[in-house]
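For reference, the structure is listed below as structure tokens.
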Amino acid sequence: MTGIDVLLDEISPYQSRRVVVECDSHTTAAYLLDARGRIRVPVWLANHEIAPRTSESGGLYEGRAPLMPEAYTKHPQGLPRLDPDRLRAVWFEEGDGVALVDGEGLLAVIPGWAEADSGLPGYAREAIGRSAYAWELDPVRDQLWPRVVHAEAYWDWRRASGAWRSVQRTVLSHLNRHVGEPGHYWDVSDGHPPLLRVSERPPTAERPFTVLSTVGMCGQRMPTLDRYMADTSRYARVELALATTMPAHHAARVFRWIGAFPWRAVTWFGTGHTVKWLDNPEDRAMRGGAGAVLLLEDPSLLVTHPDHRPPDTSGLSFQGDPVRWLWIVPITRPEHLFAKEHDSATLVEKLAAEGRSWVLG
């Protein structure tokens, strides 16, 4: 491509998305890309010459941004080029969407539910109505603007020196009260958000197994939930836990990949979800023959011994959202396929009938 200027190029804090704003002599457009550099959502931002009466052939995927037809732009005579020094990206807390802001305010929003393949491009300030290149921002501005304000406040908070420590103290205090005294503590982060630790709770006289729990997942809301439900607050924040009789330092290695998974893969974890086990040499010893994990908020159906009851971890909230603990239960590849063919509840019944314990090892 020739004659194209890049006005903005920024990777999300979780490094799973990237937004690029490009301008040529005709138009300016923004592109939301995935971690592999593939365009997920393009959105037209402005024409810089007289708009055509009808749509051009081609589209935003073909290496150039087409001119918006005159019926779909507020300024059919065209606008001056955007000033890159006044353009900035505001990533949503979840990391799956982004807003573009310039000197005049909100320029465009590419929410997490936007998908060009489904006919859902982003919203643009200069757009009128709904076209394949952009949807009108004005009708949804009042709903989206509070999210942008929240996102800016969230990342300002995250950059503050005491932000991570406040998450850490909140989760550790809750675990101390509900699960028991702490043991070892491991850092399983890779240097950028989400910051994650794993806390060990050794066996007690009443509990003959170790509990390992993430510390920090609840410090950021999980992505994509607003594709599936209107009120996401009940499901947005989780921590993961594992009960085991194995050596804790071996079992804890599973958290290196699964703890950051929702933000790396841009998805969410809920009770009954199954996740294919990523091939990781670090945790092969504890993985055994497992091909996936099953996540359960209440694994009580898989209790095989009176002393193996799961601790009650309910009652924690963070920034107004409840935090739920999901317990990791390794499953085989055939069991993973069984859950996909039927459902997780049926799989749990099958595992219970076979005498499977939720305690690893």
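FYI, side chains are in, hydrogens and waters are out, and symmetry mates aren't considered; it's all heavy atoms of this structure.
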key: Basic-acidic side-chain contact under 4.0 Å: D5, R81   = yes

message = In the structure I gave you, are the side-chain heavy atoms of N176 and P182 within less than 4.5 Å of one another anywhere?
response = yes

query = Tell me, do P193 and W164 make a side-chain contact under 4.5 Å, heavy atoms counted?
reply = no

message = Do L120 and L32 sit in one hydrophobic cluster, given that two such residues count as connected whenever their side-chain heavy atoms are within less than 4.5 Å of each other, even indirectly?
response = no

query = Do L351 and L294 have side chains that get closer than 4.5 Å, going by heavy atoms?
reply = yes

ask   = Y133 versus P69: any side-chain heavy-atom pair under 4.5 Å?
value = yes

inquiry  = Is there a side-chain contact between W263 and M217 in this structure, where contact means two heavy atoms from C-beta onward sitting under 4.5 Å apart?
reply    = yes

key: Residue pairs, two or more places apart or on separate chains, that pass side chain to side chain donor-acceptor pair (under 3.5 Å) and touch residues 344-361   = E335-R356, D343-T346, K350-E354

query = Between R147 and P111, is any pair of side-chain heavy atoms under 4.5 Å apart?
reply = no

query = Does the pair D283/R287 count as a salt bridge with the N-to-O cut at 4.0 Å?
reply = no

ask   = Which pairs, with at least one residue in residues 192-212 and sequence neighbours excluded, count as a salt bridge (Lys or Arg N to Asp or Glu O under 4.0 Å)?
value = D187-R197

query = Got a sec, which residues hit salt bridge (Lys or Arg N to Asp or Glu O under 4.0 Å) with R17, two or more places apart in sequence or on another chain?
reply = none

inquiry  = Are L225 and V148 connected into the same hydrophobic cluster when the rule is that any two of I, L, V, M, F, W, Y join if their side-chain heavy atoms are below 4.5 Å apart?
reply    = no

key: Intermediate values then yes/no, side-chain contact (heavy atoms from CB on, under 4.5 Å), R158 and L195   = CA-CA 10 Å; R158 282 297 298 264; L195 300 178; 4.1 Å; yes

Same apolar cluster (I L V M F W Y, side chains within < 4.5 Å links), I331/L326 = yes

request  = For this output row, return yes or no: ring centroids of W325 and H174 closer than 6.0 angstrom.
outcome  = yes

inquiry  = Grouping I, L, V, M, F, W and Y whenever their side-chain heavy atoms are under 4.5 Å apart, do L8 and I11 come out in a common cluster?
reply    = no

task = Begin from the C-alpha positions of T73 and E126 and carry the test side chain to side chain donor-acceptor pair (under 3.5 Å) through to its verdict.
result = CA-CA 6 Å; T73 173; E126 294 300 325; 5.1 Å; no

ask   = Sequence neighbours excluded, which residues qualify as salt bridge (Lys or Arg N to Asp or Glu O under 4.0 Å) partners of R36?
value = none

CA sep, side-chain torsions, deciding dist, call: Y14, R264, side-chain contact (heavy atoms from CB on, under 4.5 Å) = CA-CA 7 Å; Y14 305 120; R264 300 291 184 267; 4.1 Å; yes

request  = Answer yes or no: is there a side-chain heavy-atom contact under 4.5 Å between M222 and Y235?
outcome  = no

key: W277-H336 aromatic ring centre distance below 6.0 Å   = no

Side-chain polar contacts of residues 83-92 - donor-acceptor pairs under 3.5 angstrom, sequence neighbours left out - could you list them?
from: D83; atom 1: OD1; to: D85; atom 2: N; distance (Å): 2.9
from: R88; atom 1: NH1; to: E152; atom 2: OE2; distance (Å): 2.3
from: W91; atom 1: NE1; to: E10; atom 2: OE2; distance (Å): 3.0

key: side-chain contact (heavy atoms from CB on, under 4.5 Å) between V254 and L240, worked out   = CA-CA 11 Å; V254 68; L240 297 180; over 6 Å; no

Heavy-atom side-chain contact between F318 and V171 under 4.5 Å = no

Just list the side-chain donor-acceptor pairs under 3.5 Å for residues 134-142, sequence neighbours left out, or say none.
from: E136; atom 1: OE1; to: G129; atom 2: N; distance (Å): 2.9
from: D138; atom 1: OD1; to: K74; atom 2: NZ; distance (Å): 3.4
from: D138; atom 1: OD1; to: R141; atom 2: NH2; distance (Å): 3.1
from: D138; atom 1: OD2; to: K74; atom 2: NZ; distance (Å): 2.8

key: Residue pair H48, S25: steps toward the side chain to side chain donor-acceptor pair (under 3.5 Å) verdict   = CA-CA 7 Å; H48 305 306; S25 60; over 6 Å; no

